[in-house]
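Just so we're clear, the structure is a prediction, and the values are computed from it rather than from any experiment. Both backbone and side-chain heavy atoms feed into the values below; hydrogens, waters and symmetry mates do not. Below, chain A is the first sequence line, B the second, and so on; all start at residue 1.
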Amino acid sequence: MHDQYTVPPKVIYEEISGEVVVINLDTGSYYSIGDSGFDIWVKLIRSASTSQIANNLANNYGDKFDKIQKQIESFVAELVEEGLVILKTEIEKDASKAYRDRVPENGYPTSTGKQGEFRKPILEKYSDMEDLLLLDPIHDVEEAGWPAKLENQSSSENS
Amino acid sequence: MANIQIIRSDGLARIQGTAPKQAFRDAQRSYKQAELKVDNTSSFHFDLAGFRIELNFAGPALHDFILPAINHLSVEANQRADLTIFLWDFDSTRVGIPNTLFESENFDDELIESPRILNLMDEEPNVGLYWSSDPEMIPYFERGAPLRAIFHWWMKAKGMQIVHAGAVGLERKGVLLVGGGGSGKSTTSLACINAGLDYLGDDNCLVVVNPAPKAFSLYSTLKLNWDNVPNFNNLPAPLDNSSGVEMEKALFFLDEYRPQRMARELDLKAILIPKVTNKTESRVMPASLVDGLKSLGPSTIVQMPSIEQNSLREISTIVKSLPVRYLELGSDLAGVANTVAEFIQQAK
């Protein structure tokens with residue numbers, strides 16, 4: 001409930017018009033998240049815990065906290081399973097600001113901002129690019145320069 | 001630092017990052033050695049989005065693997081180049097890549113023994129280097145989009161983005177056709193060309209957003225599913241595949257097909273997302289910005305030599321600058337072309 005999450009390096013995303021498109025460069029799958037899922041995503045990646053998100057959305061949607069929290073936790077579990085977010089380490093948690101300190105000046109980006117019943121968040125997955133990406137795996141290198149490789153890159157990735 | 005990309009011997013894995021200036025200068029010297037060895041250099045000029053590109057080859061071995069896809073952009077060598085690229089191969093010159101590129105204890109031994117293609121670019125002198133171990137082993141998809149890594153890096157610095165999209169148009173106005181495999185993008189492109197529309201690319205083109213959205217031709221390549229090829233008459237012979245990597249699609253250079261229909265640039269009026277239907281008639285329907293980003297983003301990203309966290313943002317900027325529509329494809333190909341033509345003509 002109080003865990004915080006972050007987006008791993010091999011995942012890139014872009015928020016557009018109240019939705020977010022996410023690409024997992026490791027698997028080649030890409031996703032779109034809108035509506036309540038978007039509301040969860042934008043808070044989650046800005047260091048809110050699931051209970052904090054549930055609190056916030058229960059107020060926004062005027063719906064029951066317990067119901068919303070269950071759906072949020074299920075959605076976050078799905079994001080974790082797809083490799084789109086990972087648990088923050090204790091070091092990362094200390095380094096990041098508290099949730100309330102990170103609320104942007106103009107507020108969080110929102111989806112439609114509709115009030116009323118909270119609808120189940122949905123993660124739409126697309127796998128049509130997998131073949132292209134898996135055919136052509138990309139190996140990143142340290143910023144220090146080539147040909148140094150990332151320290152955690154295993155030799156099996158090169159086979 | 002210079003940008004660097006190495007494609008491994010199987011033509012698949014790519015290693016990319018940055019190389020020290022010294023390594024780049026060493027690679028330039030390697031090219032000079034190659035020139036001296038073959039004593040047969042050739043130079044070609046191209047106009048790419050208004051920029052003058054000069055390609056210098058040490059020997060002719062790489063000509064057929066590099067030039068066909070950009071032949072439609074060739075111009076007289078009558079002015080100074082904005083970007084100069086030097087190209088050589090090991091098979092004909094016996095000159096490889098300098099060892100300074102491999103001096104690291106973290107280096108992949110397999111790559112040392114079997115690099116296949118090297119792309120290097122240093123922005124400061126506006127110089128690129130391209131090396132291949134054996135031109136016959138260049139994968140077919142590289143031949144359809146040669147020097148893409150170098151063009152990506154250099155054009156990005158000019159505020160331009162290579163996108164995975166086609167573009168067709170009429171009287172200087174055009175639309176981007178976006179979508180992955182099976183979307184009907186290439187079939188739509190061909191139908192439009194056959195109906196007399198102009199065309200500046202199918203798989204890749206250059207896009208700039210400021211001051212107004214514009215697309216520029218990059219490659220004349222078109223890729224078509226093999227089972228779709230018989231639906232089109234008089235296509236030129238598809239590329240022979242000698243690289244050994246399975247050709248999932250037939251690859252053509254369309255300047256050999258309808259050269260008079262090839263355009264260099266188009267003022268963009270919309271993004272069209274082809275969508276196959278089971279209807280006869282075609283029509284244009286509303287689509288959302290996120291539909292546009294999903295259709296253009298992932299397939300463009302996978303082709304980038306360097307992917308950064310903001311890579312999707314650059315594509316999002318393009319999507320937000322144009323109306324996004326679905327092009328629902330009916331079974332009548334002439335009707336598809338008419339629908340696109342009418343849409344372009346009505347666009348302001």
Requested in this report: Assess the side chains of A/Y30 and B/K294: does a donor N or O sit below 3.5 Å from an acceptor N or O?
Outcome: no
**Report entry** Exceeds 12 heavy-atom contacts within 6.0 angstrom, atom NZ of B/K21
**Finding:** yes
**Report entry** Closest heavy-atom pair and its distance - A/I23, B/P298
**Finding:** CD1-CA, 3.7 Å
Query raised in the report: Counting only heavy atoms not in B/R25, do more than 12 sit closer than 6.0 Å to its CZ atom?
Result: yes
Report summary line: For B/I301 and A/L25, the nearest pair of non-hydrogen atoms, with its separation, is CG2-CD2, 4.0 Å
Query raised in the report: What heavy-atom pair brings A/I16 and B/K320 nearest, and what distance separates the two atoms?
Result: CD1-CG, 3.9 Å
Query raised in the report: Counting heavy atoms not belonging to A/K67, are there more than 12 under 6.0 Å from its NZ?
Result: yes
Query raised in the report: Can you tell which of B/L293, B/N310, B/V290 makes a side-chain contact (heavy atoms from CB on, under 4.5 Å) with A/E14?
Result: B/L293
